[in-house]
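See structure below.
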There are 2 protein chains.
Amino acid sequence: MKTTVQYGKEADLALSLWVKLARASSLFTRLSARDIERYGLTQPQFSVVEALGHLGPMTTGDLGKKMLVTGGCMTVILDNLERDGVVERVRSVEDRRVVTVGLTTKGTELFERIFRQHATRITELASVLTVEEQQQLSDLLKKLGLALKEVQ
Amino acid sequence: MKTTVQYGKEADLALSLWVKLARASSLFTRLSARDIERYGLTQPQFSVVEALGHLGPMTTGDLGKKMLVTGGCMTVILDNLERDGVVERVRSVEDRRVVTVGLTTKGTELFERIFRQHATRITELASVLTVEEQQQLSDLLKKLGLALKEVQ
DNA sequence: GCGAGATATTTCAAGTTTAAACTATTTAAA
DNA sequence: TTTAAATAGTTTAAACTTGAAATATCTCGC
C-alpha cells in the first residue's frame, strides 16, 4: 500500500519499508507455492516435509515453533498430511502428552524427490538479485527478524 | 526453516534468504496485527481502510491489485467491512460490472483516529534497525519485489 | 444489431490461520 | 499424598486465502 501522505520522515521510511517487506514476501510465497503445488503439497505442508526431512522426527510443538504457526494450525496441517499418508503421529511413551511426528516411507520418498527441484527453483527466483545483494539482504533480514522476536 | 544440508553455495544462500524473508515478514505481520486488533480490525481489513483513507474510493479490483489478494478474497473482506458499517459498495453507473468501494462516515472517523497511532507503532518496530539500514533494506526489497512481479 | 470473447465481481470448496476453550497428562508444592 | 499449576495437543469459531466456476456486463468485429 503506497502512501503519499506525510507522517514525518522516519515514519514514512518505516511505513514504506513494511510495505516492501510484505510485498516481496507475498510475491515470493506465491511463486514458491505455485512450484510446490506441482507435487501435490501446499506451502505449509511442504514446510513440514522439509523440516522433518532435514532434521528428522520432532514433536508437534517444535514443528510449530520452527514454522512460526500456532498449535491449532499445526494440528490441521498434520491432520491433512496424515490423511494423505505423508506423515505419521506417534504418542510418546515417556510423556503421554507429547506427539512425535515423522515422515512415512511415502513422505521420505516425496521429500527426496522434490526438495532438490524446489531448491533449484528458489535459487532461480533469488537470482534476480546478485549474490552480493542476496547476502546483504539476508544479513539485514536476519538482524530484523532477531530483533522483532524480542519485541514484547 | 534452517537447513544445514548443502545444495551448493548459491542454493544455500538463496534458501537462507527466503527463510529470513518469510520469518521477518511473519513476525512483523503478527506484531502489526496485534496493534491493529485494538481497533477491532484485522490486518487485511486495516489495509482496505488505509488504502481508501489515503487514496479515496476505488474499485474492488483495484483494491485487490493493491493488496495483492485475489478477487474472491477481496469479496469476503469487503463483506465483513460492509457488515460492520466501515465501507460501502456502490455499483457503477457507467459500467455496471464495476463496484466502487468507499469509506462510510464511520469508516472515515476510524481511519483518522487510528492511522497515526498505528504509524507510530510501525515506526517504533522499524527502529530496531538504524535509519541507514532501513533505507538499505527498503531499496533491496524494492528491487526484489519489482523483479518478482515480472517472473512468469 | 449481434454474437464471441474479454472483464468485474461473486460464489464455492478446500485449506490455512489465530485465539481461546478444552482435555489429558505431568510436575511440584503444601 | 493430594491438589494446584504448568504443559502438550486438539477443538472450535471466525476470518483469510486461493483457484476455478458462475454470473453479469461490456466491447469489438462483422
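In what follows, chains are A, B, ... by sequence order, proteins preceding strands, each numbered from 1.
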d([atom1], [X]; [atom2], [N]) in whole Å:
X	N	atom1	atom2	result
A/D95	D/dA6	CG	C1'	12 Å
A/R38	D/dT18	CZ	P	20 Å
B/I77	D/dA14	CD1	P	18 Å
A/E37	D/dG19	CD	P	7 Å
B/E94	D/dT27	CD	P	11 Å
A/L31	D/dG19	CG	P	11 Å
B/Q43	C/dA19	CD	P	13 Å
B/L78	D/dA15	CG	P	14 Å

Quiz item: According to the interplanar angle, ranging from 0 to 90°, do the rings of B/F115 and B/F46 count as parallel (below 30°), tilted (30 to 60°) or perpendicular (above 60°)?
Solution: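 Ring orientation of B/F115 relative to B/F46: parallel.
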Practice problem: Mind telling me whether A/W18 and B/F28 have parallel, tilted or perpendicular rings, with 30° and 60° as the class edges? | Solution: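 Parallel, since the angle between the ring planes stays under 30°.
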Under-4.0 Å side-chain N/O to phosphate OP1/OP2 contact, [X] with [N]:
X	N	answer
B/R83	D/dA15	yes
A/R97	C/dC22	no
A/R96	D/dA8	no
A/R91	D/dA8	no
A/N80	C/dT16	yes

Regarding [X], tell me which of base, sugar-phosphate or nothing describes its non-hydrogen contacts under 4.0 Å with the strands shown.
X	value
B/T42	sugar-phosphate
A/G71	base
A/T60	sugar-phosphate
B/Q45	sugar-phosphate
B/G72	base
A/T59	sugar-phosphate
B/T75	base
A/L68	sugar-phosphate

Quiz item: Should the heavy atoms of other residues, nucleotides or ligands under 6.0 Å from CD of B/Q117 be counted, would the total exceed 12?
Solution: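 Yes.
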Exercise. Measure the spacing between OG of A/S47 and CG of A/L63 and express it to the nearest 0.5 Å.
Key: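 So the gap between those two atoms works out to 10.0 Å.
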Practice problem: Take A/R30 and A/D79, find for each the nucleotide of DNA chain D with the closest heavy atom, and name the residue whose nucleotide sits nearer the 5' end. | Solution: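 Going by which nucleotide is closer to the 5' end, it is A/D79.
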Quiz item: Do you know which of B/K142, B/Q136, B/K143, B/Q135 makes side-chain hydrogen bond (donor to acceptor under 3.5 Å, both in side chains) with B/D139?
Solution: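 Among B/K142, B/Q136, B/K143, B/Q135, the one meeting side-chain hydrogen bond (donor to acceptor under 3.5 Å, both in side chains) with B/D139 is B/Q135.
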Quiz item: Between A/T70 and B/D62, who's closer to the 5' end of DNA chain C by nearest nucleotide?
Solution: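 Its nucleotide being nearer the 5' end, the pick is B/D62.
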Exercise. Might you work through the ring-ring contact (aromatic ring centres under 6.0 Å, His included) test for A/H118 and A/Y39, ending with a clear yes or no?
Key: CA-CA 10 Å; A/H118 186 61; A/Y39 316 118; 7.1 Å; no
